[in-house]
Every structure is written in structure tokens, then in C-alpha cells.
S.K.: 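Take a look at this one; I'll ask things after.
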Amino acid sequence: MYRIVEKKTLSETVKLMKIEAPYIARNAKAGQFVMLRIDEKGERIPLTIADSDRENGLVTIIFMEIGKTTKELGTLKVGDNILNFVGPLGKPSEIERYGRVACIGGGVGIAPLYPIIKALKQVGNHVTSILGARNKSLLILEEEINNWSDELYIATDDGSKGLKGFVSDVLQKLIDEGKTFDIAWVVGPVIMMKVVANLTRKYNIKTVVSLNPIMVDGTGMCGSCRVSVGGKTMFACVDGPEFDGHLVDYDNLMQRNNRFIEEERESCKLAGVL
Amino acid sequence: MAVRKTKYEMPEQDPRERIKNFDEVPYGYDADTAIKEAQRCLQCKDKPCVLGCPVGIDIPRFIAAIKEGDFDKAIKIIKEKSNLPAVCGRVCPYEEQCEGNCRLKKIGEPVGIGRLERFVADYEREKGITIPSKPKPIDKKVVVIGAGPAGLTCAGDLVKMGYDVTIFEALHAPGGVLMYGIPEFRLPKEIVKAEVDYITKLGVKIIYDVVVGKTIPMEEILEEYDAVFIGTGAGLPRFLGIEGENLNGVYSANEFLTRVNLMKAYLFTEYDTPVKIGRIVATFGAGNVAMDCARTALRLGAKKSYIIYRRTEKEMPAREEEIEHAKEEGVEFKLLTNPIRFIGDERGNLKAVECIRMKLGEPDESGRRRPIPIEGSEFKIDIDTALIAIGQSPNPLIPQVMKDLKLGRKGNIEIDEMGRTNIPGIFAGGDIATGAATVILAMGAGKKAAKAIHEYLSN
Ligand SMILES: Cc1cc2nc3c(=O)[nH]c(=O)nc-3n(C[C@H](O)[C@H](O)[C@H](O)COP(=O)(O)OP(=O)(O)OC[C@H]3O[C@@H](n4cnc5c(N)ncnc54)[C@H](O)[C@@H]3O)c2cc1C
Ligand SMILES: Cc1cc2nc3c(=O)[nH]c(=O)nc-3n(C[C@H](O)[C@H](O)[C@H](O)COP(=O)(O)OP(=O)(O)OC[C@H]3O[C@@H](n4cnc5c(N)ncnc54)[C@H](O)[C@@H]3O)c2cc1C
Ligand code: FES
């Protein structure tokens, strides 16, 4: 059992929780994730470790309430327990001193990006962060990310904050202005990662994306999370979740993420959470 | 009185009924039938059956106890050697092991040793399991990685000697394949839980949600414990490596079975994990895992369930009993058939598989005749779901974090006959050492390693 010790609402649909999990807190690195199961009948779902506090043995998760499990998670209170919480899983991000780094996050993808930004900054990179959301009220972690970025740009679909448009528009603009990047990290909806990767490919900017396929065990045992990278099948939970953004078959990933769409709807309807 | 030539029947659920539920297929013997079956045993002095048992259960002695109606004594004899009798009495390949050596085979069927083991194990469970008294504690700590049959057995034996034993398990439940792989209708999960319960009552601590090498670094483990047993199994699913394998509707056997067994997707929406089955399901491969997949598919409502296999029935690695059960339930076998690509629709959903017919050529290194494609014989089969059950490889997690561990050709951990790895104090056994094998071999390996660990820690 893993206790919830803190809970915050970051936006309409995004919540933050700190969970007591000393082993994970001690060993977590940027880019890694946990699998959790709320109760005996629950599904195992992956969530990125958004932050970890070794001293107090706490792991931060930030999640968007989009389906049965995440909505149920959102109803839990401080002091409640989560039945299973296992990690840190996946390979950590390869944090090095690259020089000038673009960190591009969209929607709830900003949460997993946050520890990467922090780690990249701590080793001395020049970090340009570009965050995108549908509108101002859905934008999360702006202040936290600002603290660790040399430059911060924002794009919203409706123009309620920053540039009206997509994160890829901002990146294009910066490139047009003559800014250069040695590497880019992109985390967000699959379609966003695809669009940004297409753009960075044109300019030969090495690009790392963090993929979010459907997982079951999260330890390399089932292949539910398989993705096609450079024509090779990889298991995102053990070979990833980060991959070379220029080699990923995004269309296949989008299709595979719709595998259980009818069942997910039914599940929500029955639980009365949709 | 002449010995009866055939085993006493074990009643089973009717195939037409059982494909609609996940309840166990055989019902097991009642006491009368068990005693009658026990009377068939010739009590051979040289005990050929025991030689066939990887854990060396004193079979004639426990059967003699059943014959006398002393079931408590019978289970005690079994438990001298096995910590998981209710499991073994259900899933062991007895026909190749103990029963394979039975002298009665000369005149008919062997003694139903598996059925008798199952009977006394169930008898004890229903009555309430007695826990042996605690031994004198030994002040040494042993860690076991993985709560599959190998790890559970090793831990059980060590704790009975008095060691302080902790198991770390990556998943949220014990049992390894017993829990996530073998379906409910063949091995009810309540039984696995009861057997594990016995082992924890002996004093073994099981800690879940710990992926050793990730949650706890290997160095910390080595520092804290006096000896290590690695029983992490062969959980890495193999794929066919053909076009279209990432289409929606193609599952590894492990994903499919884990969803259904461990996560209880057959009870979706009561449980949250979904599985999609469609109307026509094809399982590729012909081992026990494949039979489990094909039979599970029927129970989830598939209208047709095919086994597609590139050789003939003779070469199928599954146990005879499993193949029989599958046939009775209406699984259709498409033999000498090999898939060459999966075909999907515009939304990435599986629609069909293209196959090619095969013929058998000369024997290959496995001694089985090599299947050869017949040119120009390609044809399509419409399917909604494909289950890939062509084998699992040793779990690479521990070897990845222990670079100096000596590995075999297939990525398995190399051990000697006592379960010792090349590193002193580190032992291994079960599927991680042998590649995918059987429950009883994994248990046997766990037992040997427990002995070797005791020897190591006594010096
Ligand atoms: C490595 C990784 C890290 C992630 N990190 C975060 C994070 O930090 N914050 C966050 O909000 N989300 C994160 N996600 C996505 C998150 O796991 C899904 O949103 C969540 O599983 C949805 O579950 P649900 O029951 O609420 O929704 P559902 O209604 O079940 O599903 C909604 C959508 O979520 C996806 N999904 C469903 N089940 C699973 C599953 N078992 N595994 C993965 N995806 C699934 C599917 O694409 C589905 O269409 C991450 C995913 C991965 C793979
Ligand atoms: C579907 C199916 C049907 C089968 N049917 C039969 C049958 O009828 N009869 C028979 O005899 N055999 C059968 N087998 C084979 C048998 O189940 C296996 O040979 C046996 O379970 C192997 O035992 P094990 O203890 O070595 O490994 P496993 O049972 O695989 O257990 C390994 C455990 O280690 C855990 N683990 C792995 N890595 C780590 C880590 N780093 N940290 C912590 N824990 C970890 C895993 O989660 C798992 O629980 C079947 C197998 C399958 C898949
Ligand atoms: S989630 Fe099962 S292998 Fe990755």
C-alpha cells in the first residue's frame, strides 16, 4: 500500500499527487515511470515520475483525468492508499551536456518533461522550453519549468496565452529567427510529437520523444507496449520510453492506442465518470 | 484379483458447457475413487516412478497411505518433497515423468499418480492446512528474486531449515506463470493463493512491486543478503517477425493471458482491464501455451478458434491431455501451415492472415522433421485476433544489471547441477536457467539450489 501524502489541482483536468514510495524515490531518474493499480479490480497504468524527493521518500505523479483509472485516481484524497505502485521503470533519459536544448511539451506531456528539463539544466545546458496547451487554464507547471529554463515560450490553440498556434509554430519561428539547437526533447500527444519530429528532421536536429503506448506489466513481459522504431519492434517499457523521434512509426502508435477505445468508453459509462 | 487396466475416470465438465465458463475442467476424485485408484499401485520395490519425479516424491509410500485411507499421512509424505502439490497435481506432465515409468503401462494405463496427488492436496486444503513447527532460526539472510515455482520452492525449503528468507516479486501477485499464464480453468487461482499462503505461513516474506535491478539496485541486494537465488523465469515473449505483427488484434500469448488471468479481463467490466477477442481467433504455435490461448479464446466468446502450426500433430509439444481437451472443446487444428504476413484494414485492425502450406523434410537438430514451405501454396484466412504462442525467452532484466553473470547462448543464466552460477553466493534455477520448461523442473531446481545455498552458508 502506498499512501497519498499531498494532492494539488493543477488545471481543470490535471492533478498532482505525492506518494510515499521510498525505494522508488531513492532510485528514480528523469525519464522513468511507475505502473500503478488503485485497487484489486483496477487496471495497471503507467505514469511518469514527475519529481522525486529522496529525503522524504516521496514520488510525484501528475496525471490528466481522461478515463476510468485516472478519474478514479483523481477522486482519492490525502491519506488514501494506492494498492500497487512499482518503479522506476524504463530507461532514464540520457542527460548530458549537449549545448543548446529545445524542450517541447504539450498538454499533460509537460509533466514528464519537467524532470528532464531540470536534469538538463543541472548539467549546464542552455534550455529553451516551449509549452503548449489548448487554452491558458489547461497549461500546467509554467512556473516550475520557468525556474529551470533559460528561455520559455508558450503556445495555446486559442491564443489565450502566448502565441496562438502550436508548439511546432513556435519552434519554426525560433529557427527562422536564427536560433540553433543541438538536440530536442518532445513529449506530448502522439500527433504533436510526429509534427515536431517532422520539423526537426528538416533541420537535422536530433530529437528524443517519449512514447505512451498501452502497457500491462511495464517490465518487458507482454509486448503490449511494442512500438516500431526504424522498422524494428521495441518494447517501450524496457527499451524506452524514449526513442529517436525521427525513426518512430507514429501512425502505428496512434492506431495501437485506440485498441480498446470501445471498452474504455464502456468502462467510464458504467462507472459514471464520463 | 487382477489389476484394473485403466485409470478410474476423473469426472469433467461437459465440453459444451465448460466453454462458456472459466471453472476448472476436471472435478477431481472423491475419497472412494482415490482409494480404488491407489489399490491399482503394485508397490514396486525399486520405485521406477520416483526416478521420473524431478523432486523425488516417495510416490509408492504416499499411494500406500491413500490405500489405507490415511490421507493426512499421504499429504505429509508428498510435502516432504513438494511445497506445491495442488499445483503439480494439475499441471505436471506426469505422462512423461512418474506415470511414464509406471510398470502398469505394460498391461494398460499407469496409476493415476497426478490425480491422486491432486486428491490429497485438495483434501488437505479443504480441511485446513497444518503448518509444521518452526525450526531453530539460522542467523543468515537469503533473498529470492521472483515468486514463480522455482523461487517459491527454494524459499520454502530454506525457511524450513531456519533461514531468514525474503522474496522480491515484480508483479502484484505471486506464482509467476501459475498466476499470469496458466488459465483459471486449468489451475484455479485460489489454489495458487492457498499454496503460496502455506509458504508465507512457513515464514517466507514476499514483497511485491519490486523489480530487482530497478526498484532496488543489485548492489544493495548483494550487500544486504548472504545469498541470492534468481528465479526470474522466461517471460520475454517471442514474435514471428512477419509483416503486420503490430496491427491491432495481434497479441503475444503473454499479453493475452496476462490480461485474462492476472488482470481478470474475462470479468471486464467488473475488473478494469479490457481484452478484445472478435469472432475468429488464430493461435500460432502448438505447445501448452498455445492450447491455453485457443481454449481461453473460446471461453471469451470466439466463434472459431484455430491452432495454426507448421508441423503435424505428432510434433506438437503440448501435453496430450491439453490437445485432447482443446479438440473436445472445438478448437480447429490447421496443421502444416505457416503464417507469412498479417493483413489489416485502413484503421490498422487485423483482418486476415496469409499462410503457406508446409511439408515435412529431413529431421532438424531437435530431431523433429523440418517443415518446408510448398511454393505457390499461399492462401488467406480471415481472422479478427491473432495470438502468438511460439515461445518465451529468459527474462533479460537481471543479466542486464549483473554484467559478470555468465550466460548461455539463449540469454539464460548458466548454472551447474546444484544451481550455482559463476558468481559465489549467487544461485539460479527454473526457466531463467533452462529456458521455458515446466513447473516441476522449476521446483526441482529451486530445491537443489536451496541445498546448495545451505551448503554455501554452512561453510
Ligand atoms: C511511459 C508512459 C508514461 C506516461 N506518463 C503519463 C503522465 O505522466 N501523466 C499522464 O496523465 N499520463 C501519462 N501516460 C498516459 C497514461 O498512462 C494514460 O492516460 C492512462 O493509462 C489512461 O488510463 P484511464 O483508465 O484513465 O483511461 P482510458 O479510458 O483507459 O484510456 C484513455 C487512453 O489512455 C491510453 N491508455 C489506456 N490504458 C492504458 C494503459 N494501461 N497503459 C497506457 N496507456 C493506456 C489509451 O491510449 C487510451 O485511449 C503515460 C503513458 C506511458 C506509456
Ligand atoms: C501459458 C503457460 C502454460 C503452461 N503450462 C504448463 C503446464 O501445463 N505444465 C507445466 O509443468 N508447465 C507449464 N508451463 C511452464 C511453467 O509455467 C514454467 O516452466 C514455470 O512457471 C517456470 O517457473 P519459474 O519459477 O522459473 O518462472 P516464472 O513462473 O516465470 O516466475 C518468474 C517470476 O519472477 C518474477 N520476476 C522476473 N524478473 C524479476 C525481477 N527483476 N525482480 C523481481 N521479480 C522478477 C516474474 O514476475 C515472475 O513472477 C506453462 C507456461 C505458460 C506460459
Ligand atoms: S508493458 Fe508489457 S512488455 Fe511493456
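Computed from a predicted structure; not experimentally measured. Numbered from 1 within each chain, the chains take letters A, B, ... in sequence-line order. These numbers come from the heavy atoms of this one structure, side chains and all, not from hydrogens, waters or symmetry mates.
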S.K.: Within a 6.0 Å radius of atom CD on A:Glu94, are there more than 12 heavy atoms belonging to other residues, nucleotides or ligands?
M.R.: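 It does not: A:Glu94 CD has 12 such atoms or fewer within range.
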S.K.: Does anything in residues 240-256 of chain A get under 4.5 Å of chain B by heavy atoms, and if so which residues?
M.R.: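 Listed by number, the contacting residues are A:Asn252, A:Gln255, A:Arg256.
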S.K.: Any idea which of A:Gly87, A:Gly220, A:Gly218 has the most non-hydrogen atom pairs under 4.5 angstrom with chain B?
M.R.: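 The candidate making the most pairs under 4.5 Å is A:Gly87.
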S.K.: Closest approach of B:Ser252 and A:Cys222, non-hydrogen atoms and distance?
M.R.: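 Between these two residues, the closest heavy atoms are OG-O, 2.6 Å.
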S.K.: Name the region of A:Leu83, side chain, backbone, both or neither, that has any atom closer than 4.5 Å to a heavy atom of chain B.
M.R.: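 For A:Leu83, the contact with chain B is made by the backbone alone.
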S.K.: Quick check on A:Arg44 against chain B: is it the side chain, the backbone, both or neither that has a heavy atom closer than 4.5 Å?
M.R.: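 Both parts, backbone and side chain.
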S.K.: Is it true that, when you exclude B:Lys303 itself, more than 12 heavy atoms of the residues, nucleotides or ligands shown sit nearer than 6.0 Å to its NZ?
M.R.: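 Check fails, neighbour count at 12 or below.
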S.K.: Should we count NZ of A:Lys118 as having more than 12 external heavy atoms under 6.0 Å?
M.R.: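 Enclosed: over 12 neighbouring heavy atoms sit under 6.0 Å from NZ of A:Lys118.
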S.K.: Using a 6.0 Å cut-off, check whether atom NZ of A:Lys8 has over 12 heavy atoms from anything other than its own residue.
M.R.: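 Atom NZ in A:Lys8 is not packed in, count stays at 12 or less.
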S.K.: How many angstroms lie between CG in B:Asn248 and CD1 in A:Ile261, if you round to the nearest 0.5 Å?
M.R.: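 Going from the CG atom of B:Asn248 to the CD1 atom of A:Ile261 covers 10.5 Å.
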S.K.: Can you sort out the partners of B:Pro396 under side-chain contact (heavy atoms from CB on, under 4.5 Å), two or more places apart, ordered by chain and number?
M.R.: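 side-chain contact (heavy atoms from CB on, under 4.5 Å) list for B:Pro396, sorted by chain: B:Leu236, B:Gln400.
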S.K.: Considering all heavy atoms of both residues, which atom of B:Pro237 and which atom of A:Gly223 are nearest to each other, and what is their separation?
M.R.: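 Scanning both residues completely, I find the closest heavy atoms to be CG-N, 4.2 Å.
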S.K.: Measuring from B:Phe268:CZ to A:Phe260:CZ, what's the distance to the nearest 0.5 Å?
M.R.: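 These two atoms lie 9.5 Å from each other.
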S.K.: If you measure from the Lys or Arg side-chain nitrogens to the Asp or Glu carboxylate oxygens, is any gap between A:Glu263 and B:Arg259 under 4.0 Å?
M.R.: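 Between B:Arg259 and A:Glu263 there is no salt bridge, as every charged N stays at least 4.0 Å from the carboxylate O atoms.
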S.K.: The test is side-chain contact (heavy atoms from CB on, under 4.5 Å); show your working for B:Met263 and A:Val216 and say whether it passes.
M.R.: CA-CA 9 Å; B:Met263 305 310 299; A:Val216 181; 4.3 Å; yes
S.K.: Could you check whether any side-chain N or O of B:Lys214 sits under 3.5 Å from a backbone N or O of A:Gly90, counting only pairs where one atom can act as donor and the other as acceptor?
M.R.: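 Yes.
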S.K.: Using a cut-off of under 4.5 Å on heavy-atom pairs, state which of B:Thr258, B:Leu267, B:Val211, B:Ile216 scores highest against chain A.
M.R.: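 Of B:Thr258, B:Leu267, B:Val211, B:Ile216, B:Ile216 has the most heavy-atom pairs under 4.5 Å with chain A.
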S.K.: Identify which part of B:Phe239 has an atom lying under 4.5 Å from any heavy atom of chain A, answering side chain, backbone, both or neither.
M.R.: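 Side chain only.
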S.K.: What part of B:Leu397 gets closer than 4.5 Å to chain A, counting heavy atoms only: side chain, backbone, both or neither?
M.R.: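 For B:Leu397, side-chain heavy atoms alone lie under 4.5 Å from chain A.
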S.K.: Does a sphere of radius 6.0 Å around CZ in B:Arg279 hold more than 12 heavy atoms from other residues, nucleotides or ligands, not counting ones at 6.0 Å or beyond?
M.R.: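 Atom CZ in B:Arg279 is not crowded, with 12 or fewer foreign heavy atoms closer than 6.0 Å.
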S.K.: Name the option with the most non-hydrogen atom pairs under 4.5 Å to chain A; the candidates are B:Thr273, B:Thr269, B:Asn246.
M.R.: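 Maximum pair count with chain A is reached by B:Asn246.
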S.K.: Any sub-3.5 Å donor-acceptor pair from B:Asn254's side-chain atoms to A:Met221's backbone N or O?
M.R.: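 Here the side-chain-to-backbone pair exists.
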S.K.: Checking A:Arg259 against B:Tyr251 for the side-chain contact (heavy atoms from CB on, under 4.5 Å) test, could you report, in this order, the C-alpha distance in whole Å, the side-chain angles of both residues, the deciding distance, and whether it holds?
M.R.: CA-CA 11 Å; A:Arg259 280 198 290 160; B:Tyr251 300 81; 4.1 Å; yes
S.K.: Rounded to the nearest 0.5 Å, what separation is found between the CD atom of A:Glu43 and the OH atom of B:Tyr271?
M.R.: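 These two atoms lie 14.0 Å from each other.
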S.K.: Report yes or no: does A:Arg226 contribute a side-chain atom to a donor-acceptor pair with the main-chain N or O of B:Glu245 at less than 3.5 Å?
M.R.: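 Such a contact is found between A:Arg226 side chain and B:Glu245 backbone.
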S.K.: Above 12 or not: heavy atoms from other molecules or residues under 6.0 Å from CD of A:Glu12?
M.R.: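 For A:Glu12, atom CD is not crowded (no more than 12 foreign heavy atoms under 6.0 Å).
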S.K.: Using heavy-atom distances under 4.5 Å, tell me whether A:Asn84 contacts chain B through its side chain, its backbone, both, or neither.
M.R.: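 A:Asn84 touches chain B through backbone and side-chain heavy atoms alike.
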S.K.: Tell me, side chain or backbone of A:Phe235 under 4.5 Å from chain B's heavy atoms, or both, or neither?
M.R.: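 Just the side chain, heavy atoms under 4.5 Å.
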S.K.: Against chain A, label B:Val250 side chain, backbone, both or neither, depending on which of its atoms sit under 4.5 Å from a heavy atom there.
M.R.: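 Looking at B:Val250, backbone and side chain both touch chain A.
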S.K.: Do the side-chain N and O atoms of A:Asp217 and B:Tyr180 include a donor-acceptor pair separated by under 3.5 angstrom?
M.R.: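 Not at all, the side chains of A:Asp217 and B:Tyr180 share no donor-acceptor pair under 3.5 Å.
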S.K.: Go through the atoms of B:Glu270 and report whether side chain, backbone, both or neither lie under 4.5 Å from a heavy atom of chain A.
M.R.: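 It is both, since atoms from each part get that close.
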S.K.: In terms of heavy-atom pairs under 4.5 Å, which option from B:Arg347, B:Gln392, B:Lys264 contacts chain A the most?
M.R.: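 Among the listed options, the one with the most contacts to chain A is B:Arg347.
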